[in-house]
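What follows is a set of notes on a single structure, which appears directly below.
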Amino acid sequence: MGQLNEQAQESFKALVSRYSEDNYFFLVRNYLGLVSTPFHKPQLTGRLCSFFCQKHIQESMLAMLDEMDQVILSLLQVTGPVRSEEITMLLKQRWSYGTLLRRVSNLQQRMILLNDSGYLVCNPLLEQQLQECTSLLPLFGEQALACRNTPYCSTEFLRAFLSLVRKEGKLVYREEYLRTFPTFGAEPLEQLFNALGKALLSLSVLEGEKHISINDEKASALLALNDRKLLCLLLCHQMGTENMPFASDLLEMLGKIGSLDTNSLKLLIGALSVKHHLQAAPNLLSELSTWGVITLDEGWHVSALDAGHEHSGLLVDSDQTISYEGTCPSDDILYRIAEIEVLDHQKRYRVTKESFVLALDSGLSFDEIAHYLRTRSRASSEQPLLKQLTLLHERYRRVAIHDALVLSCDERTANLLTNLPSLKEHVLSSLSPTIFLMRRDSEEVWRQILVDSGQLLGATKRHEQIEVKQATANPLFSFLLENARICREPKVPNLIGPKPEAQLDNLLLEAIRTAKLTDEQRSDLEHRFHAKMILAKEQIVAQVLNTVLEAGGFDYQGKVSLCRQAAGKTNIALELQLTDQELVVHALEVAYTPQKEALLKAAVMPTMEVKIIPVSKIFLVRLVRIHLA
């Protein structure tokens, strides 16, 4: 703990020491009082650090946090280091630009937030306490609601989907699938079915055009992911491959919040986009809805992602149906040997002659299937089914049809084919000591091996040319899969935090009012007190920092003076009240007409559109220090 405290102090000193002279001495004079010359800057920085390390000072700072402070600080817990203009952009639906600008500035002046090369970070000396004060609510909603048990694209859905594709041999949505997936509505199911099929084709998990086949190796790799990681992969396939941490953060926070309105959902997406330096995908809400992560019902409700309660065993009935509750383990092969009938709280598959043959055709051996049923079934319920499958397997073995090349050779070449491992893997079957069935899809590979071994090979003798499609790697699938595997669950702020107290110490206010000060000094101190910048009696000294000045009404020269004072200063803004609007501007310069009328040239924040404003048209001018760096 001592080491952490020392690191926090060093970090605090490093950040503050990089401030400009103007801002640095503004903070030093406010919190340490009058600064006599000559001075030693590192010593002043050390005194400032010691001031904020005091327990009662930190307690006072935390006690004065209000709800708006809490929302802004909670936003920083989501975004990480953030620019002040990004805060105003993200929270513009809740407060006006001017209000947000003043509050962010105030948090910097109160040393709650510090500037780190243009990014706002929490004061390292208060970081742990501020984390405990922040929460996801009310930043993203007013009340906590539990996630709903609504259907989504889970690994269980993916298994059922692949079972249907294997049975059909094509991608086609049918209305009858509503009986297979009774928890889905017609439109959401069709959207999910089509989106999943398109994604799996793109990732080469499904292959072919007229006849769709399944790449079982890739399908197994997908099914080894949990639901959250599978959804991250699917979302990133749509949004872009670099978005896996973003997707993981988004799903984790949605799962914690449970329910939120559209503005809050957009705020969450925007905040995470800032954190991960991404442009938010324009169709992200639609994608989240398509995959079933959120559903719209007088607000967005988040689906409860299954934590992975594995089933306790398969129940095999006499009609060859296999049912279970819960979820399958990652290496489960039921979807490969049976056809999905119902995917509900209880899942039900049926083993048919056709599904069994397809399983064998896909590369599963009878021994693998039998071992699976024996080890995964409950109370030996699999015995009748195994007897029927044994008979089917005997019939299956009687005939074997190979789409292969026949290789006829001499004894020397036959020895190579039976003993050389690099050649043996291309042999499908041996018909006689010198006649072999060779894999068609790897003809170029085994031909070259034979040539390298000294054989003289002629062209393959074909009655007609057969097009052989070579298996191709899919770098996108490999990249997404690896990123999904290593993606860790993020650390998320608390859902509900303590209610802010927003307490001011009236004893300090009384001390200001009774101190021997000029009216200007007292007014300045009272302003700093109400701005929550006075934390101890030692700060009550006879000086004026001019943190805010304003002029209005008939004080024309006062307004001109403030405009001239702010001109060209990037850390000073002017709040202008005109007859029909309020503006926050950066003053660029003050010029005069031939009639001696003062004109303010200013960049209107945040668009920075330049306008020329006659000072006589300004009802009120308020000077605000907005940027400490």
Side-chain angles (χ1 to χ4, degrees), residues 162 166 169 200-201 203-224 331 333 336-337 356-372 389-390 392-479 481-482:
L162 292 173
R166 196 183 303 275
L200 296 183
L201 279 172
L203 295 170
S204 301
V205 178
L206 301 182
E207 300 169 334
E209 295 179 3
K210 291 185 179 179
H211 179 81
I212 301 295
S213 61
I214 300 171
N215 185 315
D216 288 303
E217 182 180 354
K218 290 182 177 178
S220 296
L222 277 186
L223 292 169
D331 61 347
I333 60 172
R336 296 181 63 179
I337 65 177
F356 177 64
V357 169
L358 286 172
L360 295 173
D361 288 345
S362 72
L364 287 176
S365 69
F366 177 73
D367 289 342
E368 286 178 291
I369 295 172
H371 176 75
Y372 167 77
L389 295 183
T390 302
L392 285 174
H393 184 241
E394 288 297 323
R395 291 173 57 192
Y396 178 85
R397 293 174 58 190
R398 293 172 189 170
V399 179
I401 303 173
H402 293 280
D403 179 14
L405 295 174
V406 178
L407 176 64
S408 177
C409 60
D410 59 10
E411 291 184 3
R412 179 180 178 279
T413 306
N415 284 331
L416 290 174
L417 290 165
T418 54
N419 296 311
L420 193 62
S422 59
L423 279 174
K424 284 176 66 177
E425 64 180 275
H426 300 282
V427 177
L428 292 174
S429 180
S430 175
L431 303 181
S432 77
T434 57
I435 299 177
F436 300 87
L437 290 181
M438 305 296 292
R439 286 177 52 181
R440 185 192 299 277
D441 60 346
S442 62
E443 179 184 0
E444 289 184 8
V445 178
W446 55 258
R447 266 180 167 274
Q448 187 60 48
I449 297 172
L450 287 172
V451 170
D452 292 342
S453 67
Q455 305 302 310
L456 184 64
L457 302 184
T460 300
K461 298 174 177 60
R462 292 188 172 98
H463 293 288
E464 62 179 274
Q465 188 68 27
I466 299 175
E467 182 183 0
V468 178
K469 292 185 177 180
Q470 298 293 334
T472 56
N474 190 312
L476 177 59
F477 175 82
S478 302
F479 183 82
L481 182 66
E482 183 59 26

Within a strict 4.5 Å, meaning less than it, do heavy atoms of the Leu417 and Cys409 side chains meet?
yes
For the residue pair Leu200 and Leu222, establish whether any side-chain heavy-atom pair is separated by less than 4.5 Å.
yes
Under a 3.5 Å distance rule, please check whether Thr413 uses its side chain to pair with a backbone N or O of Asp410 as donor and acceptor.
no
Within the structure provided, determine whether Asn215 and Leu206 are in side-chain contact (heavy-atom separation under 4.5 Å).
no
Test item: Leu437 and Val406 side chains (from C-beta on) under 4.5 Å apart, heavy atoms:
yes
Please enumerate all residues that pass side-chain contact (heavy atoms from CB on, under 4.5 Å) together with Glu368, with sequence neighbours excluded.
Leu364, Ser365
So, do Val427 and Met438 sit near enough that their side-chain heavy atoms are less than 4.5 Å apart?
yes
pair Arg447-Leu457: side-chain heavy atoms closer than 4.5 Å:
yes
Minimum side-chain heavy-atom gap Trp446-Glu425 below 4.5 Å
no
What pairs with Asp331 under salt bridge (Lys or Arg N to Asp or Glu O under 4.0 Å), at least two apart in sequence or on another chain?
Arg376
Minimum side-chain heavy-atom gap Leu360-Ile369 below 4.5 Å:
yes
What's the verdict on salt bridge (charged side-chain N to carboxylate O under 4.0 Å, His left out) for Arg166 and Asp361, showing C-alpha distance, side-chain angles and the deciding distance?
CA-CA 11 Å; Arg166 196 183 303 275; Asp361 288 345; over 6 Å; no
Of the non-hydrogen atoms in Ser422 and Ile449, which two are nearest, and what is the gap between them?
O-CD1, 3.5 Å
Do the side-chain N and O atoms of Gln448 and Asp452 include a donor-acceptor pair separated by under 3.5 angstrom?
yes
Kindly write out the residues that satisfy salt bridge (Lys or Arg N to Asp or Glu O under 4.0 Å) with Arg398, not counting sequence neighbours, or none if the list is empty.
none
